[in-house]
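What follows is a short report on a single structure.
Fair warning: this is a prediction, and the values are worked out from it, not measured in the lab. We count ligands from 1, going down the list as the structure has it; atoms in each ligand are counted the same way.
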Amino acid sequence: MSSKTRDGFTVGEHTIDAGTRKTVDLPVSVLSDHTPVTLSVHVVHGKRPGPVLFVSAAVHGDEVIGAEIVRRLLRTPALRSIRGTLLAIPIVNAFGLMNHSRYLPDRRDLNRSFPGSPKGSLASRLAHLFLTEIVERSDLGIDLHSAAVHRTNLPQVRVTPDRPEVMELAHVFGAPLTLTSKIRPGSLRDAADKKGVNILLYEAGEGLRFDEFAVRAGVSGILRIMRHLDMIPGIATPKRKLPTIVSRSSSWLRAPAGGLLRSHKNIGEAVTEGDILGTISDPFGEEETPVVAEFSGLMIGRTHLPIVNEGDGLFHVARIGSDIPAEKRIDGLTSELEDDVLLDEDEII
Ligand SMILES: [Zn+2]
């Protein structure tokens with residue numbers, strides 16, 4: 001065995017020695033009141049070589065669930081013997097997080113501002129910093145999101161269509177659902193793709209809320225990926241008894257009328273064409289409009305807000321072609337997550 005130690009890992013002006021971990025702050029800008037804003041990255045640089053994985057959260061500032069997933073990930077004892085390097089960024093958009101907002105103060109969406117430029121808008125500068133300091137140093141990224149405020153998502157991984165290697169990783173992650181979705185121009189996934197870095201996009205839970213099931217499914221999925229890449233110890237990636245449900249298309253069912261919505265179905269429940277998923281009524285109960293499912297599938301997202309305008313997205317339904325009833329699979333996965341060997345509660349919660 002060579003006695004030579006592995007090189008340190010450099011990010012910004014900082015170098016992290018092999019076998020150590022450290023939080024580094026990359027300067028972004030200074031607020032109008034003189035408060036510095038940073039992109040803070042926790043680097044776990046293993047003694048032994050291996051892949052570089054980044055895990056990012058709160059690219060949309062109000063999608064806080066990923067920050068809790070990253071916090072628990074960083075407490076995982078298995079990281080003590082990591083191969084390769086983990087870059088964990090619990091809050092990419094600090095501006096949005098503090099303002100409980102998806103956006104930056106310049107009202108731009110960071111996830112539409114990639115690849116960005118050092119001379120561009122604030123969003124564009126932050127995108128450029130993230131791309132050059134994090135994405136370009138990585139082999140793979142997991143980007144954590146939630147639904148928007150007042151909406152919730154069944155934990156799901158979104159992957160680019162026609163990428164067998166990414167689909168394989170989505171199976172390893174083992175979220176209840178895997179949805180293929182086209183790359184949006186200007187997104188992190190778009191920019192990373194052009195640099196040859198694959199991204200798994202995890203979408204789970206509600207904006208501005210923590211949700212235990214969504215957090216556990218996220219932590220467990222990341223640890224499965226790290227095991228699969230041989231970054232953390234383990235005999236093999238434990239297979240889920242029930243595999244992820246794959247869907248290639250989904251649609252939002254929109255409000256046929258304005259009014260007050262009563263929902264009759266929840267995320268993770270099967271939907272049959274013709275089912276009444278909710279009822280919209282006027283405040284006097286004189287007029288009732290049913291919201292009818294237009295096709296069969298699985299409910300993967302819904303609004304939590306009973307106040308609706310005509311055209312609002314109410315229920316997000318994925319088309320699935322599956323022989324095992326989807327609802328049963330979701331129930332099975334929920335109980336599997338409850339006694340997941342990867343999630344040692346005393347250690348990481
Ligand atoms: Zn998002």
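- Residues Thr15 and Thr10 have side chains that bring a donor and an acceptor to within less than 3.5 angstrom of each other.
- Using the six-membered ring where Trp is involved, His60 and His145 have ring planes that are perpendicular, over 60° apart on the 30 and 60° scheme.
- When distances from the Zn ion (ligand 1) to the N, O or S atoms of His60 are compared, ND1 comes out shortest.
- Between Phe173 and Tyr202, a ring centre-to-centre spacing shorter than 6.0 Å is recorded.
- With respect to the Zn ion (ligand 1), His145 has ND1 as its nearest N, O or S atom.
- Residues Ser117 and Arg125 have side chains that never bring a donor and an acceptor to within less than 3.5 angstrom of each other.
- Inclusion of Glu63 in the first shell of the Zn ion (ligand 1) is supported: an N, O or S atom falls under 2.8 Å.
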